[in-house]
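Remarks on the structure that follows.
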Amino acid sequence: MQYWLMKSDPDTYGWPELLAEKDERDHWEGVRNYQARNFMRRMKVGDLAFFYHSVIKPLGIFGVVKIVREAYPDPTQFDPKSKYFDSRSKSADPRWSVVDVQKHESYDPPITLDELKQTPGLEDMLVLRKGQRLSIMPVTADEWKIVTGLRG
DNA sequence: GCCAACGTTGGC
DNA sequence: GCCAACGTTGGC
């Protein structure tokens with residue numbers, strides 16, 4: 001069992017968009033960073049991830065998703081009309097992956113970035129590190145326990 | 001293979 | 001809107 005944090009700009013795709021999907025389930029498209037992609041490829045069915053909003057306030061964790069399907073090719077990389085189109089990616093050897101996620105739990109109100117910063121024990125959490133721009137990052141079991149504990 | 005230029009991310 | 005951080009690109 002592994003834990004993750006998945007970041008999204010809610011202008012592009014936010015927590016309400018996931019909840020509006022059938023079965024509150026969707027694929028996580030558009031990752032175009034190799035390190036983030038490699039983390040995604042390590043995800044297993046049953047892993048849990050925080051759904052984090054960046055850019056638009058309030059910044060923070062809006063809920064938890066469960067990984068329900070492991071990595072498979074991101075269809076948008078082959079779609080010339082998509083902003084995620086990658087002309088160098090070949091179907092025989094797809095460069096980019098998606099996983100499927102499903103809502104597991106909602107945080108209302110969200111756990112804000114400020115709240116995370118004020119919580120003892122999260123000093124080393126990657127999402128709090130300056131300059132950390134990865135859209136997908138691992139969360140330790142200790143950090144997971146502390147954060148989920150904030151909402152009992 | 002190096003590294004300067006460039007583009008993007010994302011908190012402030 | 002600013003700008004630090006940092007990944008990617010491309011000339012050499």
Side-chain angles (χ1 to χ4, degrees), chain A residues 2-21 24 26-43 47-67 70-101 103-140 142-151:
Chain A
Q2 308 167 95
Y3 301 106
W4 309 93
L5 182 141
M6 302 172 84
K7 241 193 276 187
S8 187
D9 173 355
D11 258 357
T12 304
Y13 188 93
W15 188 244
E17 280 72 29
L18 176 65
L19 299 190
E21 291 293 327
E24 300 176 313
D26 204 354
H27 61 288
W28 193 277
E29 68 182 30
V31 170
R32 292 294 180 273
N33 170 286
Y34 287 106
Q35 211 180 334
R37 181 206 68 182
N38 292 342
F39 283 136
M40 199 156 54
R41 288 181 175 178
R42 279 171 41 194
M43 291 178 173
D47 283 359
L48 296 174
F50 292 128
F51 191 120
Y52 180 91
H53 280 193
S54 63
V55 183
I56 306 279
K57 291 179 181 177
L59 308 175
I61 298 168
F62 280 66
V64 175
V65 294
K66 181 184 288 191
I67 308 306
E70 290 167 21
Y72 61 99
D74 184 341
T76 64
Q77 68 194 310
F78 304 122
D79 177 2
K81 292 194 291 290
S82 170
K83 71 171 185 173
Y84 299 123
F85 177 63
D86 183 349
S87 62
R88 296 165 304 177
S89 186
K90 304 300 170 208
S91 57
D93 182 24
R95 185 176 293 195
W96 306 112
S97 302
V98 295
V99 294
D100 287 357
V101 300
K103 178 208 156 186
H104 181 70
E105 186 175 6
S106 268
Y107 290 142
D108 188 16
I111 300 173
T112 64
L113 177 59
D114 285 343
E115 194 172 353
L116 294 174
K117 283 179 178 171
Q118 289 164 15
T119 301
L122 299 182
E123 293 81 5
D124 293 330
M125 198 173 176
L126 289 175
V127 74
L128 302 183
R129 294 234 189 112
K130 186 182 169 86
Q132 179 54 264
R133 301 185 310 170
L134 280 179
S135 62
I136 295 180
M137 49 181 86
V139 173
T140 70
D142 285 345
E143 289 162 354
W144 187 269
K145 193 173 175 185
I146 292 170
V147 175
T148 54
L150 293 170
R151 290 294 182 276

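Basis for what follows: all heavy atoms, side chains included, without hydrogens, waters or symmetry-related copies. Residue numbers begin at 1 in each chain, while the letters A, B, ... track the order of the sequences. These numbers come from a predicted model, not from an experiment.
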Do A:Thr76 and A:Arg32 meet the criterion of a side-chain donor-acceptor pair at a distance under 3.5 Å? yes
Take atom [atom1] of [X] and atom [atom2] of [N], then tell me their distance rounded to the nearest Å.
X        : N      : atom1 : atom2 : answer
A:Gln35  : B:dT9  : CD    : C1'   : 14 Å
A:Trp96  : C:dG7  : CH2   : P     : 13 Å
A:Leu128 : B:dG10 : CG    : P     : 14 Å
A:His53  : B:dG11 : NE2   : P     : 12 Å
A:Arg129 : C:dC6  : CZ    : P     : 11 Å
A:Ile136 : B:dG10 : CD1   : P     : 11 Å
A:Tyr34  : C:dG7  : OH    : P     : 14 Å
A:Leu134 : C:dC6  : CG    : P     : 10 Å

Output the single nucleotide from B:dG11, B:dT8, C:dA4 whose closest atom is nearest the side chain of A:Lys130. C:dA4
Could you check which of C:dA4, B:dG11, C:dG7 has an atom nearest any side-chain atom of A:Asn33? C:dG7
If we only count heavy atoms from C-beta on, is the A:Trp96 to A:Asp86 side-chain gap below 4.5 Å? yes
A:His27 and A:Val99, any side-chain heavy atoms less than 4.5 Å apart: no
Can you see if the side chain of [X] gets near the phosphate of [N] - specifically, an N or O under 4.0 Å from OP1 or OP2?
X        : N      : result
A:Tyr52  : B:dG11 : yes
A:Lys117 : B:dC12 : yes
A:Arg88  : C:dT9  : yes

Would you sort out whether A:Trp15 and A:Phe62 count as a ring pair (Phe, Tyr, Trp, His ring centres under 6.0 Å), showing the intermediate values? CA-CA 7 Å; A:Trp15 188 244; A:Phe62 280 66; 7.8 Å; no
